[in-house]
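Each chain gets a letter, A, B and so on, in the order the sequences are listed, and its residues count up from 1.
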2 protein chains.
Amino acid sequence: MFEIDPRKSIFYYIDEAIKEYRKYAQKKISVIDPNITLDQLLTLNLIKEDPDSAQKELAQILFKDYASLTRIIELLVKKGYLSRSINQSDRRKFLLKLTAKGYAIVDKLTPIIIENRKIALENISDTDLKSLKTTLKKITDNCNSDL
Amino acid sequence: MFEIDPRKSIFYYIDEAIKEYRKYAQKKISVIDPNITLDQLLTLNLIKEDPDSAQKELAQILFKDYASLTRIIELLVKKGYLSRSINQSDRRKFLLKLTAKGYAIVDKLTPIIIENRKIALENISDTDLKSLKTTLKKITDNCNSDL
DNA sequence: CAAATATAATTGATATATCAATTAATAAAA
DNA sequence: TTTTATTAATTGATATATCAATTATATTTG
């Protein structure tokens, strides 16, 4: 009976928490601007802070497949938040730069993201957060080491 | 600077853990059968255990949008794992039933899923798991209460 | 009962995830 | 230096996520 019922696994709660947070965060963002996603914002922010980073690095930071990141960037360019030009020092790479519109939306939505995280973590002690992080790291490591 | 760098947020670690687990689990499943996904398996298993459940309920258990679940079920039917017929007691609903092929794949892959979860949680104490669950529940609740 | 409302599921549009294959450029090796 | 291998990014195919709109059936209410 129900040997692999997802509700009996801790992964159920991990999945639930991250999905509820994303839904919540996206809802708050959409109130201000219904045309940008949380991932697009985080991507823009990373590029803003480190314009030299390759798409490969961005993908790793955001836990995204390279293909996904390519498409996120395409969209950001199409929407006018980002400009892309060839990197002359390595012509396989691109130079990514926020447009004025890109800077504007990051500035506008940064406080919202900070607020979202704060609210999502209300009433959780630093000790609990630290232990959460440690346990999650163990799971990540377990999955990576057994290959 | 880097005010909303994802790497500074606990959500980064949650995201990392669940994604690494899913990648790991899928890899193990694909060795046995490259044509089924973890979510499809969990869906089949839930239907096997409770054939009367409506798609709406399955979606809630699996944290999926109704639309997503409709398409997962479509695929399972197309692949011959599932049969779908109209529920006469409420003609808006469907009667979902595993085929022999559906039962076979669930039986074949159940031990793999159990093993995956075990390995992913190696060296994590029950106390830590319990506290992980509690903290994650708090996050979920925080996101839901602020609406 | 007829009209209004609610519910279960689907469909369409768009974004993202994942895998495999491909392209273009660079680096390493023979 | 030509071949070979590696690397960065894209593309195509398919699966899933999310939102809004729609369809079909049930339920409620006037």
Exercise. Is the shortest side-chain N/O distance from B:T70 to OP1 or OP2 of C:dT10 below 4.0 Å?
Worked result: yes

For this session: Provide, to the nearest angstrom, the distance between the CG atom belonging to B:D90 and the C1' atom belonging to C:dA9.
Result: 11 Å

Exercise. B:Y24 OH to C:dT18 P: how many Å, rounded?
Worked result: 17 Å

Seminar exercise, completed: Among the nucleotides C:dT10, C:dA8, D:dT11, whichever has the atom closest to the side chain of B:K93 is C:dA8

Exercise. Phosphate oxygens OP1/OP2 of C:dT10: is one of them under 4.0 Å from a side-chain N or O of B:Q55?
Worked result: yes

Exercise. Which listed nucleotide (D:dT10, D:dT16, C:dT11) is nearest to the side chain of A:F94?
Worked result: D:dT10

Exercise. Is there a donor and acceptor pair closer than 3.5 Å between the side chain of A:R92 and the base of D:dT7?
Worked result: yes

Problem set entry | Given C:dT16, D:dA26, D:dC19, the nucleotide with the shortest approach to the side chain of A:D39 | C:dT16

Exercise. Is the closest basic N to carboxylate O distance between B:E16 and A:K137 below 4.0 Å?
Worked result: yes

Problem set entry | 5′-ward residue of the pair B:R71/B:A54 relative to DNA chain C | B:A54

Seminar exercise, completed: By nearest-heavy-atom nucleotide on DNA chain C, the more 5' of A:K79 and B:R22 is A:K79

Exercise. NA contact type, B:K23, heavy-atom cut-off 4.0 Å: base, sugar-phosphate, or nothing?
Worked result: nothing

For this session: Report yes if a side-chain nitrogen or oxygen of A:K56 is closer than 4.0 Å to either non-bridging phosphate oxygen (OP1 or OP2) of D:dA8; otherwise report no.
Result: yes

Problem set entry | Sole candidate of B:I73, B:T43, B:L44 that passes side chain to side chain contact (heavy atoms under 4.5 Å, CB included) when paired with B:Y81 | B:L44

Exercise. Counting only N and O atoms by type, is there a donor-acceptor contact under 3.5 Å from the side chain of B:E122 to the main-chain atoms of A:I139?
Worked result: no

Exercise. What's the CG-C1' distance between A:N35 and D:dT18, to the nearest Å?
Worked result: 14 Å

Exercise. Backbone N or O of B:S85 within a donor-acceptor pair of the B:K97 side chain at under 3.5 Å?
Worked result: no

Exercise. Choosing from C:dT10, C:dT11, D:dT11, which nucleotide comes nearest the side chain of B:A67?
Worked result: C:dT11

Exercise. Which whole-number value in Å describes the distance from A:D65 CG to C:dA15 P?
Worked result: 18 Å

For this session: Name the nucleic acid region contacted by B:L69, choosing base, sugar-phosphate or nothing; use a 4.0 angstrom heavy-atom cut-off, strictly under.
Result: nothing

